[in-house]
Amino acid sequence: ILANASMYCAEHGHNFIEMSEKQCIDALYTGKADIALINPLDFALSKSQILIIPTFAVFAESYSGISSIHFSNKSSSMETIGLESDDFLLNIGLIGLVEKYDVLMQKNIIQSNIDKTTILEHYDSAILWNAESMITGALDITEEWSDYNDFPLPIAFWACKDEDFTVDLMEITTQLAADDLPDIETIKDSAEYEEEFGRIGSLLYHWKDDFKEHIMSIQHILYYHQMIPEIRDVHILG
């Protein structure tokens with residue numbers, strides 16, 4: 001959904017800035033950005049009235065290969081867990097351990113000077129971005145999500161503040177995306193052997209009417225786990 005962003009913004013005099021998740025929502029709140037890709041957690045925590053732009057988004061069903069949960073094969077306890085960052089999807093992995101396995105561990109944000117390959121020497125388990133499994137049996141976060149929920153996981157969607165704009169934000173976000181962006185992208189896990197069938201899932205990119213309901217539903221889960229103070233209404237641009 002960002003494939004043409006650099007080229008389009010350069011041609012039309014817009015600034016395209018890559019930021020962290022927290023920086024995106026802060027830029028939207030402070031007015032440094034007119035539109036931003038945000039996640040359900042930052043949406044719920046935002047202090048301003050946010051409108052979702054219903055063009056493109058990223059929702060995951062089952063396996064995605066984006067992030068995973070790893071367990072130490074040297075520790076007999078399940079007390080500590082390290083998160084590579086405090087981002088939304090990694091926290092969803094933490095919620096999944098509670099929801100599906102009733103496992104509650106001490107959360108730690110991994111220090112930047114700790115190498116990924118040695119993380120499990122410091123913690124009983126770890127939640128990492130795009131990491132190859134350090135031992136067999138790593139859990140894919142979005143696949144775990146689909147095991148205990150009956151709706152796709154909202155990962156990111158376009159949003160703006162509730163203001164009057166002189167430009168068509170829906171048209172802009174449409175132009176930022178790849179020309180041939182599919183409705184659904186099938187994601188396959190590479191099987192270790194040819195005779196094995198790897199895990200499979202999909203990423204949904206085109207906004208659908210029921211996505212609003214899914215964002216409301218995940219807020220209930222975030223509220224239950226005390227990650228947000230309240231459940232807010234979901235308003236759609238237009």
* To do: Go through the steps for Ile35 and Leu176 under the test side chain to side chain contact (heavy atoms under 4.5 Å, CB included), then give the verdict.
  => CA-CA 12 Å; Ile35 62 174; Leu176 297 180; 4.3 Å; yes
* **Shared hydrophobic cluster, Met7 / Trp158 (ILVMFWY, side-chain heavy atoms < 4.5 Å)** => no
* Asked: In terms of hydrophobic clusters joined by side-chain contacts under 4.5 Å, are Leu45 and Tyr224 together?
  -> no
* Asked: Got more than 12 heavy atoms from elsewhere within 6.0 Å of CG, Asp102?
  -> no
* Could you tell me whether the side chains of Glu230 and Tyr223 share a donor-acceptor contact shorter than 3.5 Å? => no
* pair Asp34-Val167: side-chain heavy atoms closer than 4.5 Å -> no
* Asked: Between the side chain of Asn4 and the main-chain N/O of Ala177, is any donor-acceptor distance below 3.5 Å?
  -> yes
* Asked: In a check of side chain to side chain contact (heavy atoms under 4.5 Å, CB included) between Thr142 and each of Ile92, Leu203, Leu89, which one passes?
  -> Leu89
* To do: Could you go through the side chain to side chain contact (heavy atoms under 4.5 Å, CB included) check for Leu139 and Tyr101 one step at a time?
  => CA-CA 12 Å; Leu139 303 177; Tyr101 303 103; 4.0 Å; yes
* Asked: If you group Ile, Leu, Val, Met, Phe, Trp and Tyr by side-chain heavy-atom gaps below 4.5 Å, do Ile141 and Val98 land in one group?
  -> no
* Atom pair OH (Tyr148) and CD1 (Ile95), whose distance is rounded to the nearest 0.5 Å -> 6.5 Å
* **Salt bridge present between Lys22 and Asp42 (N-O < 4.0 angstrom)** => yes
* Answer yes if Ile25 and Ile236 sit in the same cluster of Ile, Leu, Val, Met, Phe, Trp and Tyr residues linked by side chain heavy atoms under 4.5 Å apart, and no otherwise. => yes
* Least distance between heavy atoms, Ser64 atom then Ile187 atom -> O-CG2, 3.4 Å
* Asked: Minimum heavy-atom separation for Ala27 to Met19, with atom names?
  -> CB-SD, 3.8 Å
* To do: Spell out, as yes or no, whether a donor-acceptor pair under 3.5 Å connects the side chain of His206 to the backbone of Leu181.
  => yes
* **Pairwise distance OG(Ser217) to NZ(Lys212) - rounded to 0.5 angstrom** => 12.0 Å
* Is the backbone of Glu121 close enough, under 3.5 Å, to the side chain of Thr118 for a donor and an acceptor to pair up by distance? -> no
* Asked: Just by distance, do the side chain of Thr80 and the backbone of Asp124 share a donor-acceptor pair under 3.5 Å?
  -> yes
* To do: Dump the intermediate steps for side chain to side chain contact (heavy atoms under 4.5 Å, CB included) on Leu204 and Glu61, then the final yes or no.
  => CA-CA 8 Å; Leu204 316 178; Glu61 287 186 317; 4.0 Å; yes
* To do: Show the numbers, then the answer: is there a side chain to side chain contact (heavy atoms under 4.5 Å, CB included) between Val58 and Phe157?
  => CA-CA 6 Å; Val58 181; Phe157 43 83; over 6 Å; no
* Structure fact -> One should read off an interatomic distance between Met227 CE and Leu222 CG, to the nearest 0.5 angstrom, of 6.0 Å
* N-O pairing of Asp86 and Lys107 below 4.0 Å -> yes
* **CD-OH distance between Gln106 and Tyr123, expressed to the nearest 0.5 angstrom** => 9.0 Å
* Is the closest side-chain heavy-atom distance between Glu144 and Asp147 below 4.5 Å? -> yes
* For Met170, which residues count as a side chain to side chain contact (heavy atoms under 4.5 Å, CB included) partner, sequence neighbours excluded? -> Ile53, Pro54, Thr55, Asp168, Leu237
* Is it true that atom CG of Asp115 has more than 12 heavy atoms of other residues, nucleotides or ligands lying nearer than 6.0 Å? -> yes
* Nearest heavy-atom neighbours spanning Gly65 and Asp140 -> N-OD1, 3.0 Å
* Asked: Between Tyr8 and His12, is the gap from one ring center to the other below 6.0 Å?
  -> yes
* Atom CD1 of Ile172 and atom SG of Cys160: how far apart are they, to the nearest 0.5 Å? -> 10.5 Å
* Is the closest side-chain donor-acceptor distance between Glu21 and Asn39 under 3.5 Å? -> yes
* Asked: Within the distance-only criterion (no hydrogens, no angle test), does the side chain of Glu84 pair as donor or acceptor with the backbone N or O of Trp129 below 3.5 angstrom?
  -> yes
* Heavy-atom closest contact (Gly93 atom, Ile127 atom, distance) -> C-CD1, 3.8 Å
* To do: Give, for atom CD of Glu213 and atom CD1 of Ile218, the distance between the pair rounded to the nearest 0.5 Å.
  => 13.0 Å
* **Joint hydrophobic cluster, Leu83 plus Leu104, side-chain heavy atoms closer than 4.5 Å** => no
* Structure fact -> Residues at least two apart in sequence or cross-chain that pass salt bridge (charged side-chain N to carboxylate O under 4.0 Å, His left out) with Lys161, listed by chain then number, are Glu163
* Side chains of Ser146 and Glu143: do they bring a donor and an acceptor to under 3.5 Å? -> no
* Asked: Is Asp164 atom CG crowded by more than 12 heavy atoms from other residues, nucleotides or ligands, each under 6.0 Å away?
  -> no
* Does Glu99 reach the main-chain N or O of Gly96 with its side chain, forming a donor-acceptor pair under 3.5 Å? -> no
* Flag if over 12 foreign heavy atoms under 6.0 Å of CD, Gln226 -> no
* **Other residues, nucleotides, ligands: >12 heavy atoms within 6.0 Å of Lys208 NZ** => yes
* Run the ring-centre check on Tyr63 versus Trp145 and record whether the distance is less than 6.0 Å. => no
* To do: Work out which heavy atom in Phe59 is nearest to a heavy atom in Ile215; give both atom names and the distance.
  => CZ-CG1, 4.2 Å
* Structure fact -> Scanning both residues in full, the closest heavy-atom pair of Phe56 with Thr174 reads CE1-CA, 3.6 Å
* Mind checking whether Phe211 and Ile52 have side chains closer than 4.5 Å, heavy atoms only? -> no
